[in-house]
Amino acid sequence: MAARIEHLVTSGTFSLDGGTWDVDNNVWIVGDDDEVIVIDAAHDAEAIAAAVGGRTLRAIVCTHAHNDHIDAAPALAERTGAPILLHPDDLPLWKQTHPDRAPEGELADGWVLAVAGVELTVLHTPGHAPGAVCLHAPALTALFSGDTLFAGGPGATGRSYSHFPTIVDSIRDRLLTLPGETVVYTGHGDTTTVGAEAPHLQEWIDRGF
């Protein structure tokens with residue numbers, strides 16, 4: 001059976017710089033009836049494990065290390081034996097949530113993950129976080145953007161470890177160069193497309209989005 005994208009929404013909190021906010025997170029499962037990867041194990045390891053079911057979980061991929069995207073990763077890894085993969089530039093953020101548990105593997109720009117006959121290329125897109133990455137799966141016409149790009153603009157850059165000019169560069173140079181029909185599967189909220197967001201880049205810059 002061909003690879004497909006499955007979607008789960010989990011709820012919890014995001015904490016940074018002394019503040020805590022209630023959030024709903026998108027968890028993306030990519031694969032087929034035999035094997036999958038999970039992108040961003042947020043909040044509820046039991047629910048994510050149930051969605052994976054009896055399939056082999058090849059990897060738990062972290063688009064970045066804000067707590068709301070990684071809080072359930074160790075528990076899911078323990079349940080399934082799957083490795084947790086994170087860009088090393090986000091280790092300082094990871095350690096704020098999991099000081100005694102390191103990821104098993106690193107993500108690097110240009111690295112290719114393969115699952116169910118589909119390749120997902122890692123794009124390092126810092127700005128929201130130093131080690132933020134997106135995953136591009138051309139065969140699925142898909143980009144998994146984490147918190148780098150949303151429907152309506154870039155991810156937030158008003159807190160520690162973030163930088164607005166850097167996220168703009170990442171989006172302009174790494175994401176808006178992808179085919180316009182590419183569907184952007186975001187870390188929170190609705191999907192969008194590269195084509196829908198590209199015309200608004202200068203607006204974001206002008207208002208310091």
Measure the acute angle between the ring planes of H98 and W94, then classify it against the limits of 30° and 60° as parallel, tilted or perpendicular. tilted
Would you please classify the geometry between the H69 ring and the H188 ring as parallel, tilted or perpendicular, with 30° and 60° separating the classes? perpendicular
Distance, nearest 0.5 Å, that separates [atom1] of [X] from [atom2] of [Y]:
X: D147; Y: T125; atom1: CG; atom2: OG1; result: 10.0 Å
X: H43; Y: N67; atom1: NE2; atom2: CG; result: 7.5 Å
X: I60; Y: I70; atom1: CD1; atom2: CD1; result: 11.5 Å
X: C134; Y: F144; atom1: SG; atom2: CZ; result: 11.0 Å
X: D32; Y: R4; atom1: CG; atom2: CZ; result: 7.0 Å
X: S11; Y: D22; atom1: OG; atom2: CG; result: 8.5 Å

Joint hydrophobic cluster, [X] plus [Y], side-chain heavy atoms closer than 4.5 Å:
X: F150; Y: V168; result: no
X: L149; Y: V30; result: no
X: F14; Y: L8; result: no
X: I5; Y: V183; result: yes
X: I84; Y: L107; result: no

Could you tell me if the side chain of [Y] sits less than 4.5 Å from the side chain of [X], heavy atoms only?
X: I39; Y: T63; result: yes
X: W204; Y: I171; result: yes
X: V52; Y: V38; result: yes
X: V194; Y: L176; result: yes
X: S162; Y: I167; result: no
X: L123; Y: L135; result: no
X: D24; Y: T10; result: no

With distance as the sole criterion, is a donor-acceptor pair present between the side chains of T20 and S15 under 3.5 Å? yes
E119 CD: over 12 foreign heavy atoms closer than 6.0 Å: no
Atom CD of E46 with >12 non-hydrogen neighbours under 6.0 angstrom: no
[X] to [Y] - nearest heavy-atom pair and separation:
X: A42; Y: A72; answer: C-CB, 4.0 Å
X: H128; Y: G155; answer: ND1-C, 4.0 Å
X: A82; Y: A77; answer: O-CB, 3.4 Å
X: P130; Y: L93; answer: CD-CD1, 4.2 Å
X: G31; Y: V36; answer: CA-CG1, 3.9 Å

Please check this pair: side chain of [X] against backbone of [Y], looking for a donor-acceptor N/O pair closer than 3.5 Å.
X: D90; Y: G131; value: yes
X: T192; Y: A151; value: no
X: E197; Y: G152; value: yes
X: D40; Y: N25; value: no
X: D169; Y: R172; value: no
X: T193; Y: A196; value: yes

L120: which of V61, V115, V112 passes side-chain contact (heavy atoms from CB on, under 4.5 Å): V115
R174, H87, H124 screened by side-chain hydrogen bond (donor to acceptor under 3.5 Å, both in side chains) with D109, the one that passes: R174
Would I37 and L85 count as a side chain to side chain contact (heavy atoms under 4.5 Å, CB included) if you check the C-alpha gap in whole Å, the side-chain angles of each, and the deciding distance to 0.1 Å? CA-CA 11 Å; I37 63 170; L85 307 180; over 6 Å; no
For the pair Q96 and Y161, evaluate side chain to side chain contact (heavy atoms under 4.5 Å, CB included) and give the outcome as yes or no after the intermediate values. CA-CA 12 Å; Q96 291 184 11; Y161 299 97; 3.6 Å; yes
L86 and L91: side chain to side chain contact (heavy atoms under 4.5 Å, CB included), yes or no, with the steps? CA-CA 8 Å; L86 177 74; L91 281 173; 4.1 Å; yes
Between R58 and D34 (salt bridge meaning N to carboxylate O under 4.0 Å), is one present in this structure? no
Looking at E78 and R101, is there a salt bridge between them, counting it only when a charged N and a carboxylate O are closer than 4.0 Å? no
With side chain to side chain contact (heavy atoms under 4.5 Å, CB included) as the test, would you mind laying out the steps for H7 and W28 before giving the verdict? CA-CA 5 Å; H7 181 212; W28 302 105; 3.4 Å; yes
